[in-house]
A.B. asks: 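To start, I am sharing the structure in question, which I have written as structure tokens.
Note that the structure is predicted; figures quoted are calculated from it, not measured.
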Amino acid sequence: MNLLSLYAHRSRLEIRLLLRNRNAVVFSMLLPVFLLFIFGSVFNKTKLGHTNVSFDQYFVAGLLASGLLYSSFQQLAIAIPEERSNGTLKRLVGSPMPPSVYFVGKLAASTFTYIFQAIALLVIGHFSYGIHLPHSTSLWLDFVWISVLGLTASSLLGIAFSNFAKNGQSASALASPIVLFFQFTSGVFFVYANLPKWMQDIAAVFPLKWMAQAMRGVFLPKYFASQEVAHSFELPKAALILGLWTVGAALVCRFTFHWLPKNET
Amino acid sequence: MNAIEITGLTRRYGDFVAVSNLDLSVATGECVTILGPNGAGKTTVVEILEGYRHRDGGEVSVLGLDPAHPTKSWRQKLGIVLQSANDLGELTVRESVEHFARYYPHPREVDATIELVGLSEKAAARATNLSGGQRRRLDVALGVIGKPDLLFLDEPTTGFDPEARHIFWGLIERLKNEGVTIVLTTHYLEEADALADHVVVVTRGRKVADTTPEELGSRSEKLVNVRWIEQNEKKEHRTAEPTKFVAELASRFSGEIPELEVVRTTLEEAYLELVETGEP
């Protein structure tokens, strides 16, 4: 059995398991759509500053960036400790499964969740809330690389985080507020340029700010760049910072990942 | 070459010595049962052999390899049934067995394996909907799916009703006939008696017997319980020389000894004595 077919098989299994978990489907996959519905109802067609850009349009970019965190960071940070405490990882590591198969399966499930979230958000956003979609191939390509890099960085951060939680419940209690904190400070729920400087400075160290800003580069008109703090969407800088987080998280995973609960080794 | 060779195995958890200077050899094709009360160190020993837990001292070789450094080809020859598992909840029996079959180079046939453990009727049921005993049988199916040379079973029949236990014993006999080396922990004495070529009794991390079920049984046959009533009190004495003891007793009584009983100890009593005294 070659490695690629094991990757494909484990990925199908992970996605099948995801779809059997109704909570995951409703709360995780459709959360961005719910948020758009709630915020969209409150702010409706509010325009930002002296521009023609609606809050909804700005918010969708932030929700796509949040979706990257939900589907990979949060999903993995909770699922892996749960699988560590219920014996899934112990059974797998006791089998001849090559370890990479497990991680590929998890990444596949995260990618699946993200694609599902993004399609639901963009389709419903476009038809019900008048969200403008990117109008050029190069913008769509930007969207793809931001998504791929964002998923990679967030997944590795989720796996790294999973090593510090005892079980799924404690992981959930820790990971969810972290995501919420960054959504408030990184330009998802509020316009980043309007936040206090100290809050901007904290958020600018972490990935969500850069994922949201890069997504705005795709979903907002070019002239809106002047409204950003740096008067640019800074896509190259976003790529660099996400790349650094990817490398850092990979190193943490490399040295801290454990298959068994600490008291079972 | 022996399938398992252990000398001086020691493992501590903090100050607690879970396994102390344990020696054990298991020949290829043999079925060894590790018997002992809860907390005796059985699982620690088995999980060191499976490559899960580290050891603090001693030499260990399992199928020619030190389990502290497991390899993929070594894992392919091992079957593991852990003491407890709550994973696989939303997968069906067939999906689980089919999935794990893929990780082995020459697996058993999936449906035949499900049949082997008696779960054919539950093949489409999710693990979370299985009874405790059925869930254990799924664990056993996953342990044997890779056609292991060496199979570890950690308390595999916990939660089985007597019928399921007998079906399971039949399965073990079948695996023994296929030449599989089996290491089985249990606290059911009759299980050791029915299956084992070789019984190891462990208590408080120490090996107190390493013998055959027959010898463990004959150890019990050598001892006899003598019971009687004296001054309205129940008395009991365990002895290897019952005739001599009863003769002495008779001289203390004028006539009949009240409610005299002379009973051979059972296998269970011999085992309990081993475990209680901790003396070989």
Side-chain angles (χ1 to χ4, degrees), chain A residues 1-25 28 75 78-106 108-109 166-169 258-265, chain B residues 11 13-14 16 18 43-44 46-56 67-68 70-92 95-96 98-107 126-128 135 138-139 142-143 145-148 151-152 154:
Chain A
M1 183 68 50
N2 73 53
L3 201 55
L4 285 180
S5 75
L6 287 182
Y7 287 164
H9 184 74
R10 181 85 200 165
S11 298
R12 276 200 301 275
L13 184 96
E14 288 276 7
I15 290 168
R16 199 184 305 158
L17 281 174
L18 198 66
L19 292 173
R20 282 183 191 170
N21 181 347
R22 253 181 233 129
N23 290 345
V25 174
S28 173
Q75 188 165 301
I78 295 169
I80 295 176
E82 197 173 301
E83 295 190 337
R84 191 180 286 121
S85 57
N86 75 14
T88 302
L89 295 188
K90 192 168 187 173
R91 189 189 297 281
L92 289 173
V93 79
S95 83
M97 178 197 79
S100 62
V101 171
Y102 176 72
F103 298 105
V104 168
K106 281 278 168 264
K166 261 207 182 121
N167 53 48
Q169 280 169 340
H258 50 282
W259 295 87
L260 305 180
K262 286 264 156 67
N263 60 0
E264 289 181 30
T265 61
Chain B
R11 173 64 206 261
Y13 298 110
F16 176 69
T43 295
T44 298
V46 169
E47 292 199 349
I48 288 170
L49 300 179
E50 291 164 344
Y52 284 125
R53 289 176 195 262
H54 71 266
R55 60 181 190 268
D56 294 314
T71 65
K72 187 172 142 190
S73 61
W74 182 74
R75 289 255 175 243
Q76 287 169 348
K77 292 184 275 185
L78 239 59
I80 296 175
V81 177
L82 292 167
Q83 192 177 104
S84 65
N86 308 306
D87 57 335
L88 311 166
E90 297 304 321
L91 287 178
T92 69
E95 283 169 342
S96 298
E98 201 265 326
H99 181 69
F100 278 89
R102 291 181 184 249
Y103 296 136
Y104 295 88
H106 308 292
R126 293 190 187 176
T128 181
R135 164 78 227 204
L138 171 58
D139 290 332
L142 296 176
I145 187 66
K147 279 205 190 128
L151 177 63
F152 291 101
D154 198 355

A.B. asks: For A:Asn263, is it the side chain, the backbone, both or neither that has a heavy atom under 4.5 Å from a heavy atom of chain B?
C.D. replies: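 Only the backbone of A:Asn263 comes within 4.5 Å of chain B.
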A.B. asks: Which one of B:Arg75, B:Glu50, B:Glu90, B:His54 has the most heavy-atom pairs closer than 4.5 Å to chain A?
C.D. replies: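 Highest number of heavy-atom pairs under 4.5 Å: B:Arg75.
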A.B. asks: Is chain A contacted by the side chain of B:Leu82, its backbone, both, or neither, given a heavy-atom distance below 4.5 Å?
C.D. replies: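 The side chain, not the backbone.
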A.B. asks: Rounded to the nearest 0.5 Å, how far apart are NZ of A:Lys90 and CD1 of B:Ile80?
C.D. replies: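 A:Lys90 NZ to B:Ile80 CD1: 9.0 Å, rounded to 0.5 Å.
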A.B. asks: Quick check on the interface: out of A:Pro96, A:Pro98, A:Gly87, A:Ser95, who has the most heavy-atom pairs with chain B under 4.5 Å?
C.D. replies: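 Result: the option with the highest number of such pairs is A:Pro96.
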A.B. asks: Looking at residues at least two apart in the chain, or sitting in another chain, which of them share a salt bridge (Lys or Arg N to Asp or Glu O under 4.0 Å) with B:Asp139?
C.D. replies: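 Partners of B:Asp139 under the salt bridge (Lys or Arg N to Asp or Glu O under 4.0 Å) test: A:Arg91, B:Arg135, B:Arg136.
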A.B. asks: Is chain B contacted by the side chain of A:Val93, its backbone, both, or neither, given a heavy-atom distance below 4.5 Å?
C.D. replies: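 Both backbone and side chain.
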A.B. asks: Examine whether an atom of A:Arg10 lies under 4.5 Å from a heavy atom of chain B, and if so say whether it belongs to the side chain, the backbone or both; otherwise answer neither.
C.D. replies: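 For A:Arg10, the contact with chain B is made by backbone and side chain together.
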A.B. asks: Write down the atom of B:Tyr103, the atom of A:Leu92, and the distance for their closest heavy-atom approach.
C.D. replies: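 Looks like CE1-CD2, 4.3 Å.
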A.B. asks: Hey, is A:Arg20 close enough to B:Glu95 for a salt bridge, meaning N to O under 4.0 Å?
C.D. replies: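 Yes, charged N to carboxylate O under 4.0 Å.
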A.B. asks: Which atoms of B:Leu142 come close to chain A, meaning under 4.5 Å heavy atom to heavy atom: side chain ones, backbone ones, both, or neither?
C.D. replies: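 Side chain of B:Leu142 only, per the 4.5 Å heavy-atom cut-off to chain A.
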A.B. asks: Quick one: pull up CG in B:Asn86 and CG in A:Asn86 and give me the separation to the nearest 0.5 Å.
C.D. replies: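 Output value for this atom pair is 6.5 Å.
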A.B. asks: Quick one: which residues of residues 78-85 of chain A reach chain B at under 4.5 angstrom, heavy atoms only?
C.D. replies: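 Hits under 4.5 Å: none found.
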A.B. asks: Under 4.5 Å, counting heavy-atom pairs only, tell me which of B:Glu47, B:Arg126, B:His99, B:Arg11 racks up the most with chain A.
C.D. replies: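 It is B:His99.
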